[in-house]
2 protein chains.
Amino acid sequence: MVALVKEKARALRAAPDKAVKARVLPVNRILRGDCIEMMRSLPDASIDMIFADPPYNLQLGGDLARPDGSHVDAVTNDWDKFSSFAAYDTFTREWLAEARRLLKTDGSIWVIGSYHNIFRVGAILQDMGFWILNDIIWRKANPMPNFKGTRFTNAHETLIWASKSEKSKYTFNYRAMKTLNDELQMRSDWVLPICNGQERLKRNGTKAHPTQKPEALLYRVMLATTNKGDVVLDPFFGTGTTGAVAKRLGRDWIGCEREDSYIEVAEERIEMALPLDESALATMQSKRSAPKVAFGALVESGWLAPGAKVFDKKRRFTATVRADGSLQAEAETGSIHGLGAKLQGAPSCNGWTFWHVEHEGEVKPIDALRQLYLLAVED
Amino acid sequence: MVALVKEKARALRAAPDKAVKARVLPVNRILRGDCIEMMRSLPDASIDMIFADPPYNLQLGGDLARPDGSHVDAVTNDWDKFSSFAAYDTFTREWLAEARRLLKTDGSIWVIGSYHNIFRVGAILQDMGFWILNDIIWRKANPMPNFKGTRFTNAHETLIWASKSEKSKYTFNYRAMKTLNDELQMRSDWVLPICNGQERLKRNGTKAHPTQKPEALLYRVMLATTNKGDVVLDPFFGTGTTGAVAKRLGRDWIGCEREDSYIEVAEERIEMALPLDESALATMQSKRSAPKVAFGALVESGWLAPGAKVFDKKRRFTATVRADGSLQAEAETGSIHGLGAKLQGAPSCNGWTFWHVEHEGEVKPIDALRQLYLLAVED
DNA sequence: CTTGCTATTGAATCTGAAG
DNA sequence: ACTTCAGATTCAATAGCAA
């Protein structure tokens with residue numbers, strides 16, 4: 001078994017294309033069984049992102065009744081019972097160790113929980129060398145009230161997003177998140193409704209799973225921290241929200257699940273999920289991934305003549321464009337960035353937005369010329 | 001010393017009236033020195049509530065500059081430096097052990113932190129036998145942005161509220177909280193602005209303390225979980241927000257603080273604090289903010305599928321919805337507002353009223369979908 | 001006195017590819 | 001593993017000053 005796993009890992013590193021991935025990884029399938037054992041069958045460093053919704057260890061007391069006398073359907077399943085915090089910690093370390101082995105160097109992991117378990121999970125993540133990137137608050141738009149009036153209404157859950165290590169070059173689709181949030185940076189608190197209505201899966205008229213997560217939550221997680229074609233693993237698959245959203249978003253997925261009844265519901269659900277087509281899947285790209293244009297290219301191709309004057313917005317500084325794309329301001333010379341930084345006495349400067357020109361009677365940053373150049377060069 | 005402490009504890013249990021309390025407890029005073037040593041001088045089971053704002057162990061890297069080149073004034077104080085997680089844990093266990101000894105059987109403790117430290121604090125609290133009652137999210141109305149676009153904006157801090165044990169008959173003023181929240185149960189997420197403006201204490205023109213907490217936060221904590229005349233201890237007193245609010249609410253307080261400069265500011269501040277009348281309370285506690293709806297939220301939650309077509313009223317322009325909530329019209333992409341403006345050649349555009357969809361056989365502005373979404377999401 | 005513009009600032013684990 | 005350098009990147013609130 002171990003030899004097989006190693007061979008698979010080699011294959012994956014050697015040629016990570018689609019066919020190879022499908023051959024060495026059981027992609028888009030549910031692995032039936034204990035998640036730790038199932039993870040052991042997968043090769044090292046093969047997973048891009050892990051989403052985990054482990055048991056919360058809720059420690060509920062007796063039955064809970066609403067003020068009208070009706071019974072509250074609490075999470076009382078065996079899988080949520082642990083004899084002690086120590087037992088829960090052992091369980092957590094075991095599945096996280098496998099998760100860590102499976103993650104690629106630049107991969108990241110999400111874990112969701114409540115105050116019952118999330119502090120233990122977070123501390124263990126840190127102890128194991130994961131690097132916390134954010135803690136995210138899912139603020140429930142419609143939480144269950146605190147019927148007895150003994151505490152604050154528990155109206156949120158916490159997600160931890162962590163990279164495999166401090167050095168990981170993790171995926172974060174900043175532009176897509178900013179777009180999704182009406183052109184403001186996406187914050188660490190997310191307002192989303194809980195999973196109910198049509199979305200809530202039923203079996204024989206009752207809820208198929210006690211803690212089904214809303215697809216909107218997974219949608220945001222996956223859009224933010226994976227790319228198309230990435231492999232997402234969910235060790236506690238349940239009714240397959242992760243798989244359904246992954247399929248819609250063009251990501252590959254692997255799920256681990258013990259309970260036959262959940263697997264059955266999940267398979268049916270994912271079967272029915274429709275993948276989005278290419279154009280709908282596209283997201284706003286960050287400038288970082290855009291093709292680079294050297295300032296010199298604008299000079300070469302005549303968008304800006306050598307000898308032209310550029311200046312900062314307040315016209316405190318003026319410089320002359322030289323034939324090689326460098327700038328000169330009195331005795332100082334340098335690149336658009338370097339000279340801008342030098343003149344301001346700043347550690348760095350984005351010359352594209354710092355320097356301006358007069359173009360068609362208007363003052364514009366030279367970045368505007370770059371945009372025009374790019375449009376002209378395309379096709 | 002130990003004998004004296006025991007005698008004090010006896011006196012306190014025997015006759016816990018005001019005069020005795022003042023004789024055996026250094027009430028309404030700042031204890032100058034290391035918090036663990038200072039706590040050792042106080043008698044067992046003498047404190048009703050502890051509010052602690054310990055160092056967060058931020059582990060910051062190098063300098064950080066804003067996009068405009070200005071410098072971010074980070075927390076670089078020695079008191080926030082620890083050599084490792086293990087060292088931080090040891091420190092945490094030590095001060096929490098004293099805190100636990102000082103707490104009355106039915107007392108409770110609040111600890112505030114960020115993802116850097118709060119998971120460790122929470123796990124240690126549980127290991128020591130404290131019983132977590134809620135984790136509370138302080139959603140900052142005006143957090144510092146993520147200047148480099150590398151993560152989600154860190155827009156909240158976490159508070160843990162725990163009783164001394166599972167059996168504690170802790171104080172929770174349910175009615176007061178409900179009144180404060182417009183007759184709705186107070187939730188576990190609190191929207192409050194950060195401490196700035198007039199409230200932010202200055203010394204020689206610069207902030208007196210790098211991490212001063214807003215009084216509104218302490219106000220809610222104390223109003224919810226203490227009664228008038230209770231003794232509140234703050235082991236990390238800083239500039240004395242806890243003391244100022246305690247005085248205004250008619251609670252007694254004890255603070256521990258090492259730094260002379262903080263003590264000086266705190267003493268002056270508390271001296272000036274006046275008991276506040278009830279009517280002022282309503283204005284200083286901000287109501288729950290109506291969450292704004294981003295167009296992306298409609299996409300995430302399935303009200304509008306990626307790939308759907310939107311168009312202006314006269315159907316001059318058509319665009320396709322993409323996965324991140326951006327729109328695409330031929331070669332152009334952008335947000336609902338930005339693309340609307342671009343296509344019309346207008347300086348700006350309200351995308352909510354400009355773009356329309358077909359919904360239930362009718363053409364409606366997408367704003368109508370937003371209204372439906374809000375109705376569905378409201379409590 | 002009001003309105004509008006600009007500058008400042010807040011618990012921050014804050015770049016990445018090429019050489 | 002190191003350095004170098006192009007160049008990407010910010011939201012809300014408050015204070016101060018000008019009009």
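We name chains A, B, ... by the order of the sequence lines, and we start the count at 1 in each one.
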Quiz item: Given the rule in the side chain to side chain contact (heavy atoms under 4.5 Å, CB included) test, do B/Ile160 and B/Ile118 qualify, once you have shown the distances and angles that lead to the verdict?
Solution: CA-CA 8 Å; B/Ile160 299 175; B/Ile118 199 67; 3.9 Å; yes
Practice problem: Please work out whether C/dT13 sits syn or anti, treating a glycosidic angle within 90° of 0 as syn. | Solution: syn
Practice problem: Report which part of the nucleic acid B/Asn77 touches: base, sugar-phosphate, or nothing (heavy-atom distance under 4.0 Å, all strands). | Solution: nothing
Exercise. Tell me what A/Lys167 touches on the nucleic acid: a base, only sugar-phosphate, or nothing, going by heavy atoms under 4.0 Å.
Key: nothing
Quiz item: Of all the nucleotides listed (C/dA11, D/dT10, C/dA12), which has the minimum atom distance to the side chain of B/Asp68?
Solution: D/dT10
Quiz prompt | Which nucleotide in C/dA12, C/dT15, C/dA11 has an atom nearest any side-chain atom of B/Asn154 | solution = C/dA12
Self-check item: B/Arg200 side chain, from C-beta outward: closest of D/dA8, C/dA11, C/dT9
Solution: C/dA11
Quiz item: Side chain of A/Ser348: nearest nucleotide among C/dG16, D/dG7, C/dA11?
Solution: D/dG7
Exercise. May I ask you to check whether B/Asp80 and B/Tyr56 show a side-chain donor-acceptor distance below 3.5 Å?
Key: no
Quiz item: Which nucleotide in the set C/dG10, D/dG7, C/dA11 lies at the smallest distance from any side-chain heavy atom of B/Met144?
Solution: C/dG10
Quiz item: Hey, does B/Asn146 reach any base, or is it just sugar-phosphate, or nothing, if we go heavy atoms under 4.0 Å?
Solution: base
Self-check item: Centroid under 5.5 Å and tilt under 30°, B/Phe147 to C/dC14
Solution: no
Practice problem: Look at the side chain of B/Arg66 and decide which nucleotide, out of D/dA8, C/dT9, C/dA11, has an atom nearest to it. | Solution: C/dT9
Quiz item: Are A/Arg120 and B/Phe119 in a cation-pi setup, meaning NZ or CZ lies under 6.0 angstrom from the ring centre and within 45 degrees of the ring axis?
Solution: no
Quiz item: Is any side-chain heavy atom of A/Arg175 closer than 4.5 Å to a side-chain heavy atom of A/Gln285?
Solution: no
Practice problem: Please determine, for the side chain of A/Gln126, which listed nucleotide (D/dT9, C/dT13, C/dG10) has the closest atom? | Solution: C/dT13
Self-check item: Given D/dC11, C/dC14, C/dG16, the nucleotide with the shortest approach to the side chain of A/Gln185
Solution: D/dC11
Quiz item: Of B/Gln198 and A/Val293, whose nearest nucleotide on DNA chain D comes first from the 5' end?
Solution: A/Val293
Quiz item: Given that both pair distances must be under 3.5 Å and the pair must be Watson-Crick or G-U, what runs of three or more consecutive pairs involve DNA chain C?
Solution: C:2-10 with D:11-19, C:15-19 with D:2-6
Self-check item: Geometric cation-pi criterion, B/Arg370 with B/Trp352: 6.0 Å, 45°
Solution: yes
Practice problem: Begin with the C-alpha distance, continue with both residues' side-chain angles, and end with the deciding distance and a verdict on side chain to side chain contact (heavy atoms under 4.5 Å, CB included) for A/His359 and A/Ile366. | Solution: CA-CA 9 Å; A/His359 181 254; A/Ile366 56 177; over 6 Å; no
Exercise. Remember a base hit wins even if backbone is also touched, and classify A/Arg175 as base, sugar-phosphate or nothing at under 4.0 Å, heavy atoms.
Key: nothing
